[in-house]
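We count ligands from 1, going down the list as the structure has it; atoms in each ligand are counted the same way. Residue numbers run from 1 in the order of the sequence given.
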Amino acid sequence: MKGAALSFLYAASSVGVIVGQSGSGSLSEVPYYGRSPPVYPSPIGNGSTSARWAIAYSHAHALVSQMTVEEMANVTRGWAGACAGNTGEVPRLGIPALCFSDAPDSVRGQEFVSAFPAGIHLAATFDKDLMYRYGRALGDEYHGKGINIALGPVAGPLGRVVRGGRNWEGLSNDPYLAGVGMGAVTRGIQDAGVIATPKHWLLNEQEFRRRWSSVGHAISANVDDRALHELYVFPFMDALREGAGSVMCSYQRANHSYACQNSKLLNGILKTELGFEGFVVSDWDGQMSGVASANAGMDLVMPNAGYWGANLTQAVRNGSVSDDRISDMATRILAAWYYLHQDKGFPPRAVYSNTQRHPVVDVRDDHATLIEKIGAAGTVLVKNVNNTLPFKKPRFLCVYGYGATLSASPWQNPARYGGGYEVNFRWNTLNGTLITGGGSGGSSPPYVVSPFQALQERVTKDKGILRWDFWSANPAATPYVNADACLVFINAYASESFDRVSLTDEFSDQLVLNVAGMCANTIVVVHSTGIRVVDAWISHPNVTAVLFAGLPGQESGHSLVSVLYGVVNPSGRLPYTVAKKESDYGESVLNSTVSFDQFPDQDFSEGLYIDYRAFDRNKTIEPRFEFGFGLSYTTFAYSTFKASLVNDEKLGEFPDGKVAVVQGGHPDLWETVAVVTCTVANTGKVHGTEVVQLYVGIPPPARGEERDTPVRQLRGIERVGPLAPGQEDDQVIFRLTRRDLSVWDVVAQQWRLRRGEYMLWIGASSRDLRLDGSLVIT
Ligand SMILES: *[C@@H]1O[C@H](CO)[C@@H](O)[C@H](O)[C@H]1NC(C)=O
Ligand SMILES: *[C@@H]1O[C@H](CO)[C@@H](O)[C@H](O)[C@H]1NC(C)=O
Ligand SMILES: *[C@@H]1O[C@H](CO)[C@@H](O)[C@H](O)[C@H]1NC(C)=O
Ligand SMILES: *[C@@H]1O[C@H](CO)[C@@H](O)[C@H](O)[C@H]1NC(C)=O
Ligand SMILES: *[C@@H]1O[C@H](CO)[C@@H](O)[C@H](O)[C@H]1NC(C)=O
Ligand SMILES: *[C@@H]1O[C@H](CO)[C@@H](O)[C@H](O)[C@H]1NC(C)=O
Ligand SMILES: *[C@@H]1O[C@H](CO)[C@@H](O)[C@H](O)[C@H]1NC(C)=O
Ligand SMILES: *[C@@H]1O[C@H](CO)[C@@H](O)[C@H](O)[C@H]1NC(C)=O
Ligand SMILES: *[C@@H]1O[C@H](CO)[C@@H](O)[C@H](O)[C@H]1NC(C)=O
Ligand SMILES: *[C@@H]1O[C@H](CO)[C@@H](O)[C@H](O)[C@H]1NC(C)=O
């Protein structure tokens, strides 16, 4: 075990053992800053939060009451086996080994499975229904393979660090958009009968030194309580609310206490405040102590015994871990199993090593159709001069760039992860079209339809011609004067285990400039794991159209071509802000924190102000493309703004104190307190779908005081249409919940619905605001 040598330091870390440096600047003077308050004992799950959990717990209790301590210690640990994670079985009681598998966008490493778009691409659709269907289809594939537990969806990292290596696995750095996706995908996966594992709980915002290594301890994410709740906890609430049966704790430290033994995060926020009834599983080899992790609320160690197994049995015998605690650990695991009805005829396990001949279990159904649809819906058009797109029957196209075709092998992605001291590798691009990122969040595509393949299919049908040059840095030696358009394909790669070192790369920027220098109608397609700055060429007069094509999964080319040719009118929106230059994001969140101290710190001193929240505060820095931005081939008019409070009698400052918490938080938080409506009309010449966004400005703490909250925050998304030219939808409805309008009150330790005037804006992006109004809560 990698952590063994230093683990004693942390045997009681959550009880306020302070090691290393405290946070920087004035924050370090705040009492408890940089230390995690102790929260013990670990809450015992009892199923009280819903009828369905109650039934699951009654079965689990009946089973656990027959188990010996050894048997409990067996189901709470991992064993080597066919799956990425396998719990211990208890043959005596018919308890099977439970199977865990990556990843959030594919059943990773198996044959005859689909490669879905990555989380960031799904978020760019801004479409709740597609998010649910994604989760359901993915869940059906896990189920078909006999896998009990899917390791996703992801909201940690949220995306605080602009160059973070794993931001693409999750949905968006906006907690509301991420939360909508976390809820919908969790519901989808679990409707398929598979346990979802929202991860990584919590604050795993960078890859550099995310884990203990020979250099020293993992980075400590030090975050104030308000930003913790309003940004980082927020999207997990949605997943819990939808019944998530499992949560994965993360590698790094939070306020100096390792996340998998952080009693504040596990016992406190997750199991008390959010009423979590399921089990907490460690990230792989993320356990850093035995007794401390058990008592802090971790329930299952993966992928082996870690510090538990026989030692956990002994710790129970000598009283260091209570009988109640180990029973609770086993009960939570089995309750999740019953909650998903996996005791009733789960499909046989069909997880294999592909180096050995094995039966074919094809679980793909017609998910390719959904994948293509999401691929197109998440494609974002950001520039389209003089209606260059959609194509109007071009006869002659030129295709340039490494991103148009397949890499030598899709399995040569540099997927580097594992332990140790992790450096920033200098990989900026993948030499081949990019459909997902690297590491454990990657996919196992059955095939990949490259952009070039799909263009060939279309051009063949149209009896046109193509010329291509994928590999030259300067294809200017071959100007085809008769071409209707030139397409240039570039990408931006990222992976688990290292952070990006740039949001651009010289080779690709120069390639675009070279093509634009010879071709008056140059269309740039960027496949990216997240933010990619484009100012090297975005204003070039010959760059007529630009698409952020995301990480679209196996049907990549089909999705793209349908947008290029107008079969699908683009409605994707950026789930992040694209700055003009990298430094515009602010030094503190651009790079991961690089430190070679033994106890490195990462202070989240920007608080709530990441991405558009920071740009909106700074009135001097204009983004290149703001959060929520994306063009269409048609135009939309917005009208008839209406807003009203509902449930007037339930507008107290705090949730009703007499009502118990359910999984996901206090039930009042999810109640609708206001309704906002508008009308959207298609005023252009073609069919189109519009992503309508609602932003809220929360009033200051008290009348006359300064605002202490971002100018505006996303609190509603509705994907409207498709609408025919001239058609309107006068029923665009946003339901604002108590949580949507609340702030986290650090003194009351509750969500607080402030008194005062709430500003409301409806728009097509975070800056293209078309309607506004307000609501007053007194
Ligand atoms: C971290 O410390 C801050 C400042 O004291 C505190 O507000 C917050 O609740 C702590 N969070 C955790 C997870 O320990
Ligand atoms: C169940 O657990 C919750 C949270 O710990 C607690 O508030 C409640 O009293 C418990 N109910 C029973 C019946 O034990
Ligand atoms: C523990 O689990 C392993 C692996 O599934 C199994 O071989 C063993 O029999 C189990 N032990 C007990 C005590 O049930
Ligand atoms: C238990 O503890 C001993 C001694 O601390 C250690 O050698 C062993 O690897 C631990 N793990 C298990 C599963 O027994
Ligand atoms: C109890 O057992 C655990 C696991 O072997 C060990 O780490 C701990 O030190 C023991 N505690 C006491 C008081 O003996
Ligand atoms: C766009 O159209 C205008 C007006 O017709 C023309 O002046 C301009 O050159 C066109 N731009 C491009 C890039 O074709
Ligand atoms: C990319 O791959 C192609 C084809 O496999 C190869 O010819 C080219 O040299 C590679 N480029 C780089 C920069 O590795
Ligand atoms: C961010 O990273 C880049 C590239 O590694 C480096 O040049 C720059 O100095 C870093 N900036 C900060 C503030 O650390
Ligand atoms: C745009 O493309 C034309 C070729 O059609 C070329 O002559 C011209 O120099 C290009 N413009 C720029 C600014 O590179
Ligand atoms: C805006 O950003 C600029 C450049 O980073 C900085 O100099 C300025 O102080 C910022 N202004 C505000 C109000 O944050």
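- The pair Asp535-Lys581 fails the salt-bridge criterion, with no side-chain N (NZ, NE, NH1 or NH2) lying under 4.0 Å from an Asp/Glu carboxylate O.
- Of the N or O atoms in Asn311, one or more lie within a sub-3.5 Å distance of an N or O in ligand 4.
- Distance alone, capped at 3.5 Å, is enough to place a donor-acceptor pair between the Asn514 side chain and the Ala473 backbone.
- Residues Phe452 and Phe470 bring their aromatic ring centres within 6.0 Å.
- Protein residues are said to neighbour a ligand when one of their heavy atoms lies under 4.0 Å from it; for ligand 7 these are Asn431, Trp471.
- When heavy-atom distances to ligand 10 are checked against a 4.0 Å cut-off, Asp584 has no atom that comes that close, whether in backbone or side chain.
- The proximity of Trp308 to ligand 4, defined as any non-hydrogen pair under 4.0 Å, is limited to the backbone.
- With ligand atoms numbered from 1 in the order given, ligand 10 contributes 1 (C) to contacts under 4.0 Å with heavy atoms of Thr620.
- Taking OG of Ser528 as the start and CG of Leu434 as the end, the distance is 8.0 Å to the nearest 0.5 Å.
- Close approach to Ala305 involves these atoms of ligand 4, each under 4.0 Å from a residue heavy atom: 13 (C).
- On the SG-SG cut-off of under 2.5 Å, Cys83 and Cys99 qualify.
- Relative orientation of the Phe498 and Tyr493 rings is tilted, given thresholds of 30° and 60° on the angle between their planes.
- In this structure, Cys260 and Cys249 have their SG atoms less than 2.5 Å from one another.
- Applying the ring pair (Phe, Tyr, Trp, His ring centres under 6.0 Å) criterion to Tyr176, with sequence neighbours excluded, gives no partner residue.
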